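Notes follow once the structure below has been shown.
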Amino acid sequence: MPFPHASEALSRFTVLDLTRVRSGPTCVRQLADWGANVVKIDALTEDAGGEQPGGPRQGSDFQNLHRNKRAMTLNLKDERGLAVFKRLVAKADVVVENFRPDVKKKLGIDYDSLATINPRIVYGSISGFGQDGPYHKRPGFDQIAQGMGGLMSITGAPGEGPMRVGIPVADLSAGLFCAMGILTALLEREVSGKGQWVQTSLLQAQIFMLDFQAARWLMEKEVAKQAGNNHPTSIPTGVFKTSDGYINIATTGGRIWERCAQAIGAPELVSNPDYATAPARSKNRDALNAEIERHTMTKSTESWVRELNEAGVPCGPIYAIDQMFEDAQVKHLGIAQDVPNEEGRHIRLVGQPVTLSRTPSRMVARPPEFGEQTEEVLKEFGFSADEIARLRDAKVL
């Protein structure tokens, strides 16, 4: 049976996936979930029994990263394996890799080498620090990028030292940006007929994700500091105790602040000169937060969420992950999706956060086992049964 496509949106594109760990697989997952024919190249040096750089092959992390793909084995350190890969490249649209910049050159699978075989190839690269420059040979890691990219200096409570974010935001954003760059290059190829090299790094992605905090320095020379749960510029915005837990309340602008004060039963705070203007609220942030919390502690989180939303004040509960997946709106959005599989395994993963009306993304295939579709893929690329047998005998596959 033909391999099912997760969507028709990218079904005309073939992607060769050389990535490992997280940033690269995150990129390729975007392409696979929108229907690209993704072939994951499993190196013969990997542990076929299960352990991967990112957890066991049937563990939740690996499963979430590699759904909707096929896999084949290939020894790229063997000249015959390299020749096989180049035959695949000749018919492919995209190659994605996240090797250190010097590694792909040594293997002979860098962009310049592959572009001579297929000038239409779009080649996506993710590195820790960039493809050149003083740090380009350093190994990249998400937490290192969080620190060097400024994020840890503005995360956490004041005076408690730098704090990492609870998700690998540099890895994830680099993967997403690389996927966006690849899609942009594919669109441009429709005009020029030529491929190109798409590059990003964990460091670049993390700096971009600083967004307005980075702009505050570039434009105003203001160095952002840790603010804990308080928003750095919209005040009052933060976490407040309730009678049975906590709630997030966000006010942006004077009108919402007035509605908030009315809703919590403290209209007098609006006319108080200490809180009457945005600069005053910023200067007296701690005192204002204490005043608000004195009122929010009188009722439950559920009550405040209902009352504040009715008053037009942005707010919400603070969920643990299990609670989040039980929320009515989360269930309605259907982002937790089951993955069909012939083994009857329970595989429930996080779906795409974007909906397309005509060509939606679906979970159509569980992540592949080690090299599971090697023969199937090679036949599709024109390899004969005898060629495949010889390659297996030579331990190239």
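On a predicted model such as this, the values are computed, not experimentally measured, just so you know.
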Regarding [X] and [Y], do their side chains bring together a donor and an acceptor under 3.5 Å, going by distance alone?
{"X": "Asn272", "Y": "Glu268", "answer": "no"}
{"X": "Arg216", "Y": "Gln213", "answer": "yes"}
{"X": "Arg22", "Y": "Asn98", "answer": "no"}
{"X": "Arg164", "Y": "Gln143", "answer": "yes"}

When you group the ILVMFWY residues by side-chain heavy-atom contacts below 4.5 Å and let the links chain together, are [Y] and [X] in the same group?
{"X": "Leu176", "Y": "Phe13", "result": "no"}
{"X": "Leu183", "Y": "Phe177", "result": "no"}
{"X": "Leu10", "Y": "Val198", "result": "yes"}
{"X": "Val239", "Y": "Met163", "result": "no"}
{"X": "Ile207", "Y": "Val223", "result": "no"}

Can you find a pair of side-chain heavy atoms, one from [X] and one from [Y], that are under 4.5 Å apart?
{"X": "Val15", "Y": "Asp93", "result": "no"}
{"X": "Val313", "Y": "Ile264", "result": "no"}
{"X": "Leu44", "Y": "Val396", "result": "no"}
{"X": "Arg362", "Y": "His5", "result": "no"}
{"X": "Leu18", "Y": "Val96", "result": "no"}
{"X": "Val38", "Y": "Val94", "result": "no"}
{"X": "Leu333", "Y": "Gln329", "result": "yes"}
{"X": "Pro101", "Y": "Lys105", "result": "no"}

Check whether [X] reaches the backbone of [Y] with its side chain - one donor and one acceptor, N or O, closer than 3.5 Å.
{"X": "Gln226", "Y": "Ile154", "value": "no"}
{"X": "Asn68", "Y": "Val364", "value": "yes"}
{"X": "Gln204", "Y": "Ser201", "value": "yes"}
{"X": "Ser282", "Y": "Ala278", "value": "no"}
{"X": "Thr237", "Y": "Asn230", "value": "no"}
{"X": "Ser23", "Y": "Asp171", "value": "no"}
{"X": "Thr296", "Y": "Glu293", "value": "yes"}
{"X": "Asn341", "Y": "Val339", "value": "yes"}
{"X": "Thr301", "Y": "Tyr246", "value": "yes"}
{"X": "Gln206", "Y": "Leu151", "value": "no"}

For the student: nearest non-hydrogen atoms of [X] and [Y], plus distance:
{"X": "Ala179", "Y": "Cys27", "result": "N-SG, 3.6 Å"}
{"X": "Ala90", "Y": "Asn118", "result": "O-ND2, 3.6 Å"}
{"X": "Gly228", "Y": "Pro158", "result": "N-CD, 3.9 Å"}
{"X": "Thr252", "Y": "Ser234", "result": "CG2-OG, 3.8 Å"}
{"X": "Leu397", "Y": "Met72", "result": "CD2-CE, 4.4 Å"}
{"X": "Trp34", "Y": "Ser361", "result": "CZ3-N, 3.4 Å"}

Once rounded to the nearest 0.5 Å, what's the spacing between atom [atom1] of [X] and atom [atom2] of [Y]?
{"X": "Met148", "Y": "Phe129", "atom1": "CE", "atom2": "CZ", "answer": "5.0 Å"}
{"X": "Arg70", "Y": "Asp42", "atom1": "CZ", "atom2": "CG", "answer": "13.5 Å"}
{"X": "Asp393", "Y": "Ile388", "atom1": "CG", "atom2": "CD1", "answer": "12.0 Å"}
{"X": "Glu307", "Y": "Ser303", "atom1": "CD", "atom2": "OG", "answer": "6.0 Å"}
{"X": "Lys395", "Y": "Thr73", "atom1": "NZ", "atom2": "OG1", "answer": "11.5 Å"}
{"X": "Lys137", "Y": "Ser127", "atom1": "NZ", "atom2": "OG", "answer": "13.5 Å"}

Practice item. Show your reasoning for whether side chain to side chain contact (heavy atoms under 4.5 Å, CB included) applies to Ile109 and Leu82. Key: CA-CA 8 Å; Ile109 56 172; Leu82 184 60; 3.5 Å; yes

Check your understanding: Does the ring of Phe383 carry Arg87 above it, NZ/CZ under 6.0 angstrom from centre and within 45° of its axis?
Key -> yes

**Study point:** Derivation and outcome, side-chain hydrogen bond (donor to acceptor under 3.5 Å, both in side chains), residues Arg67 and Asn64
**Key:** CA-CA 6 Å; Arg67 73 281 187 105; Asn64 198 47; 3.2 Å; yes

Should we say atom [atom1] of [X] is surrounded by more than 12 heavy atoms from elsewhere, each under 6.0 Å from it?
{"X": "Phe381", "atom1": "CZ", "answer": "yes"}
{"X": "Met324", "atom1": "CE", "answer": "yes"}
{"X": "Glu8", "atom1": "CD", "answer": "no"}
{"X": "Glu342", "atom1": "CD", "answer": "no"}
{"X": "Glu188", "atom1": "CD", "answer": "yes"}
{"X": "Glu387", "atom1": "CD", "answer": "yes"}

Check your understanding: Considering the options Asn248, Ile249, Ile247, which one meets the side chain to side chain contact (heavy atoms under 4.5 Å, CB included) requirement together with Val305?
Key -> Ile247

Check your understanding: Is Glu372 paired with Arg57 through a side-chain N to carboxylate O contact shorter than 4.0 Å?
Key -> no

**Study point:** Pair Asn229-Phe240, side chain to side chain contact (heavy atoms under 4.5 Å, CB included): steps then yes or no
**Key:** CA-CA 9 Å; Asn229 288 319; Phe240 300 90; over 6 Å; no

Exercise for review: Anything under 30° is parallel, anything over 60° is perpendicular, the rest tilted; go ahead and classify Tyr111 against Trp197.
Suggested key: parallel

Point to revise | Parallel, tilted or perpendicular: rings of Phe62 and His66 (30°, 60°) | key: tilted

Practice item. Report the C-alpha distance between Lys104 and Ser125 in whole Å, list the side-chain angles of each, state the deciding distance to 0.1 Å, and finish with yes or no for side chain to side chain contact (heavy atoms under 4.5 Å, CB included). Key: CA-CA 10 Å; Lys104 54 183 168 285; Ser125 293; 4.0 Å; yes

Practice item. Show the numbers, then the answer: is there a side chain to side chain contact (heavy atoms under 4.5 Å, CB included) between Gln262 and Glu258? Key: CA-CA 6 Å; Gln262 291 283 348; Glu258 292 174 13; 5.6 Å; no

